[in-house]
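Counting starts at 1 for both ligands and their atoms, following the listed order. We number each residue from 1, following the sequence as shown. Reckoned from all heavy atoms, side chains included, excluding hydrogens, waters and symmetry mates.
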Amino acid sequence: MHINDAVFLEDLCPKFRFRQWRKSIHRFTGKSCIYCGKPSESIDHVLPRSQGGLSITENCVPACLSCNGDKSDENALYWYRRQKFYDPRRAMAIRAWLEGDLRLAIRLLQWANPKFKANNKIYEKGDSKYEAA
Ligand SMILES: [Zn+2]
């Protein structure tokens, strides 16, 4: 019984951590696709796994199923350049993301998508004396 329990927990924990990690990826972009801005429903490997891409934050971006499926095993930046919804600010954001500069990536995404500014409301109300500590 004890042995079975131990195996079970060992199986469970990596899955749990993986799920938390996936959630955190989606949270970075406010659950929107890094390519087109629609709701993100999946995690896309920028450098496909088939080409040695790793499942690490720097290589994994939130994407909608449409973008993820359409891109398939292609290099994300090449694929993205050909899309109707191509936005150079998003392209820069993807590049920053790949370099591990998530702060810059998120700023660029905010620039590309004004709706995404929701988090900056406090900052935008310049006349307010209250500050987010
Ligand atoms: Zn998309």
Under 3.5 Å: donor-acceptor pair, side chain of Ser32, backbone of Thr29: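 The answer is yes, because a donor-acceptor pair under 3.5 Å joins these two groups.
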Counterpart residues, ring-ring contact (aromatic ring centres under 6.0 Å, His included), relative to Tyr86 (two or more places apart):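 With neighbours one apart ignored, the set is Tyr80.
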Distance only, no hydrogens: is a donor on one side chain within 3.5 Å (strictly under) of an acceptor on the other, for Asn59 and Trp97?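 No - no donor-acceptor pair under 3.5 Å links their side chains.
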Count the heavy atoms of every other residue, nucleotide or ligand shown that sit under 6.0 Å from CZ of Arg89, and state whether that count exceeds 12.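 Check passes, neighbour count above 12.
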Which count of protein N, O or S atoms is obtained for distances strictly below 2.8 Å from the Zn ion (ligand 1)?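 Every protein N, O or S atom under 2.8 Å from the Zn ion (ligand 1) counted, the figure is 4.
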Roughly how far, to the nearest 0.5 Å, is the SG atom of Cys67 from the NZ atom of Lys38?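 Spacing of NZ (Lys38) from SG (Cys67) equals 6.5 Å.
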Would Ile94 and Leu65 show up in the same hydrophobic cluster when neighbours are defined by side-chain heavy atoms closer than 4.5 Å?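 Ile94 does not cluster with Leu65.
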